[in-house]
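One structure is given below, encoded as structure tokens.
FYI, side chains are in, hydrogens and waters are out, and symmetry mates aren't considered; it's all heavy atoms of this structure.
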Amino acid sequence: MSAANATPQLETLVAEPTSDFALIDSGHGRKLERCGPYRFIRPEPQAMWAPENMDWEADGEFVGGSDEEGGGRWRLSPKVPQAWPISQAGVSLHAQCTPFRHLGFFPDMAPHWQALAEVSPDADVLNLFGYTGVASLVAAAAGARVVHVDASRKAVEQAKANARLSGLADRPIRWLTEDARKFVAREVRRGRRYDAILLDPPKFGRGPDGEVWDLTRDLPGLLADCVQLLDGNSRLLILTTYAVRLSALALDGLLKPLTTHLPGSVHSGEMSLREEARGTLLPTAIFTRWLNAPAG
């Protein structure tokens, strides 16, 4: 059997608890988390087991809704502010309870942030669907020149605020409110190249000019264009997806044929958070990434 046809060995990437974020407990379809000085309860359909402690105390809970259907709302203690500063991966950001039940960042991205930091010194990095910019700031702090693209003007402004909070406002970061597909297509026509590309697309979305994004329809074309922005000296491409009924094998099968002309290798699998007390791994998302080790 050729290497190209070998059965993929799926990996599990684990984000460990930090001083400013931890998965405290999980079970019965919910999770208890610490984010800075506050504790929150959020829905988590994959936590099918029993929690360690049946009596959770929290400063807020997101009730109703689901990953698939959306909806729901926060019930917060009056002491929870609109936003509060925390640190992750060596940068600072404003955590917040968003209407979409998130906390303003995705802590399970920590292993990808680490990989990005390792390839970023003097690198050109493209962060697509960049949200509030943690990955962009990690790369910039490590010495990269960054292009940050998101269709949401609000998210880009939050990313800029996080850059100021981190003391990185003067770093070479281009902040773009733009449709990712259109931007990447232009970069391909311009003959641009990048050392590292990160993309974290949603299941569905809209661009700033009303462009409609559908993950299963539009991802293959976008990923093919992204690979055209890499060459033999590039180091990294990371693709992550949340809240979709896809397998890591699907992402693996999508990326591998696109990178056969490049050195390096493709690795795919699941992302997870480790519970602080029991060590239970809570699955959160799937990923595929192309890695090219430096020569020598």
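- Residues Val80 and Phe40 form a side-chain contact, since some pair of their non-hydrogen atoms from C-beta on lies under 4.5 Å apart.
- Side-chain N or O atoms of Ser166 include none that pairs as donor or acceptor with a backbone N or O of Leu168 at under 3.5 Å.
- Expressed to the nearest 0.5 Å, how far OG of Ser92 lies from CG of Asp20 amounts to 8.5 Å.
- You'll find the side chain of Met109 reaches within 4.5 Å of the side chain of Met271, heavy atoms only.
- Residues passing the side-chain hydrogen bond (donor to acceptor under 3.5 Å, both in side chains) test with Thr177, sequence neighbours excluded: none.
- Taken together through direct or relayed side-chain contacts under 4.5 Å among Ile, Leu, Val, Met, Phe, Trp and Tyr, Leu10 and Leu13 form parts of separate hydrophobic clusters.
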Apply the test side-chain contact (heavy atoms from CB on, under 4.5 Å) to residues Leu273 and Phe21: give CA-CA distance (whole Å), side-chain angles for both, the deciding distance (0.1 Å), then the verdict.
CA-CA 11 Å; Leu273 291 167; Phe21 179 86; 4.2 Å; yes
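- A distance of 12.5 Å separates CG of Leu137 from CD of Gln88, quoted to the nearest 0.5 Å.
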CA sep, side-chain torsions, deciding dist, call: Phe183, Leu126, side-chain contact (heavy atoms from CB on, under 4.5 Å):
CA-CA 11 Å; Phe183 176 78; Leu126 174 60; 3.6 Å; yes
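- Residues Leu223 and Leu237 are in side-chain contact: their nearest non-hydrogen atoms beyond the backbone lie under 4.5 Å apart.
- The shortest non-hydrogen separation linking Leu281 to Trp49 is O-CH2, 3.9 Å.
- Between Asp55 and Asn53 the shortest heavy-atom distance is N-OD1, 2.8 Å.
- For Arg34 (side chain) and Ser19 (main-chain N/O), a donor-acceptor pair under 3.5 Å exists by modelled atom type.
- Of the options Arg30, Arg73, Lys31, a salt bridge (charged side-chain N to carboxylate O under 4.0 Å, His left out) to Glu61 is made by Arg30 and by none of the others.
- The two residues Asp179 and Gly207 come nearest to each other via the heavy atoms OD1-CA, 4.3 Å.
- The backbone N or O of Thr288 sits nowhere less than 3.5 Å from a side-chain atom of Asp252 that would complete a donor-acceptor pair.
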Stepwise side-chain contact (heavy atoms from CB on, under 4.5 Å) test for Phe62 and Cys97
CA-CA 9 Å; Phe62 192 89; Cys97 297; over 6 Å; no
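- Closest approach of Leu116 and Ala196 over heavy atoms only: CD1-CB, 4.0 Å.
- In this structure, Tyr38 has its ring center no closer than 6.0 Å to that of Trp74.
- Of the inter-residue distances, the one linking Leu239 atom CG with Arg289 atom CZ reads 12.0 Å to the nearest 0.5 angstrom.
- Checked for salt-bridge contact, Glu157 and Lys154 miss the test: no charged N lies under 4.0 Å from a carboxylate O.
- More than 12 heavy-atom neighbours from other residues, nucleotides or ligands sit within 6.0 angstrom of CZ on Arg190.
- Residue pairs meeting the ring-ring contact (aromatic ring centres under 6.0 Å, His included) criterion with at least one partner in residues 249-274, sequence neighbours excluded, do not occur; the list is empty.
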Is there a side-chain contact (heavy atoms from CB on, under 4.5 Å) between Leu199 and Leu219 once you walk through the steps?
CA-CA 10 Å; Leu199 56 161; Leu219 179 59; 4.2 Å; yes
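- Of the possible polar contacts, one joining the Asn162 side chain to the Thr132 backbone as a donor-acceptor pair under 3.5 Å is found.
- Between Val212 and Arg217, some side-chain heavy-atom pair lies under the 4.5 Å cut-off.
- Under the 3.5 Å distance criterion, the side-chain polar atoms of Glu276 are left unmatched by any main-chain donor or acceptor of Pro17.
- A salt bridge links Glu33 with Arg42: the distance from a Lys NZ or Arg NE/NH1/NH2 to an Asp or Glu carboxylate oxygen falls below 4.0 Å.
- For the residue pair Asn292 and Gly232, the shortest heavy atom distance occurs at ND2-O, 3.0 Å.
- Using a 4.5 Å heavy-atom threshold, the side chains of His94 and Leu165 count as touching.
- Here the NE2-CD distance, from His28 to Glu44, works out to 14.0 Å after rounding to the nearest 0.5 Å.
- Note that the CG atom of Leu262 and the CG atom of Asn233 stand 10.5 Å from one another [nearest 0.5 Å].
- Salt bridge status for Arg145 with Asp122: present, with a side-chain N to carboxylate O gap under 4.0 Å.
- A side-chain donor from one of Asp200 and Thr240 sits under 3.5 Å from a side-chain acceptor of the other.
- Ser268 has its side chain out of reach of Leu249: every pair of non-hydrogen atoms, C-beta onward, lies at least 4.5 Å apart.
- Between the side chain of Arg278 and the backbone N or O of Ser26, at least one donor-acceptor pair lies under 3.5 Å.
- Annotation: side chain of Leu236 is not in contact with side chain of Ile197 (no heavy-atom distance under 4.5 Å).
- Sorted by first and then second residue, the ring-ring contact (aromatic ring centres under 6.0 Å, His included) pairs involving residues 190-226 (not counting sequence neighbours) are Phe129-Trp213.
- Around CZ of Arg193, the count of heavy atoms belonging to other residues, nucleotides or ligands within 6.0 Å exceeds 12.
- Linking ILVMFWY residues whenever their side-chain heavy atoms come closer than 4.5 Å, directly or via other members, leaves Ile41 and Leu282 in distinct clusters.
- Checked by atom type and distance alone, the side chain of Asp209 never pairs as donor or acceptor with a backbone atom of Glu211 at under 3.5 Å.
- The backbone N or O of Asp150 lies less than 3.5 Å from no partner atom in the side chain of Trp175, so there is not a single donor-acceptor pair.
- Under the 4.5 Å side-chain heavy-atom criterion for grouping Ile, Leu, Val, Met, Phe, Trp and Tyr, Ile286 is not connected to Val14 through any hydrophobic cluster.
- With contacts defined as side-chain heavy-atom distances shorter than 4.5 Å, the pair Val188/Leu229 qualifies.
- If you take CZ on Arg274 and CG on Leu23, they are separated by 11.0 Å, rounding to the nearest 0.5 Å.
- Of the possible polar contacts, none joining the Arg235 side chain to the Val119 backbone as a donor-acceptor pair under 3.5 Å is found.
- No chain of hydrophobic side-chain contacts below 4.5 Å, direct or via other Ile, Leu, Val, Met, Phe, Trp or Tyr residues, connects Ile24 to Leu103.
- In the hydrophobic clustering of ILVMFWY residues, with side-chain heavy atoms under 4.5 Å counting as a link, Leu32 and Ile86 come out apart.
- The shortest heavy-atom contact between Leu198 and Ala135 is CD2-CB, 3.3 Å.
- Classification of the Tyr131-Phe106 ring pair by plane angle, with boundaries at 30° and 60°, yields tilted.
- In this structure, the side chain of Asp225 does not engage the main chain of Val184 through any donor-acceptor pair within 3.5 Å.
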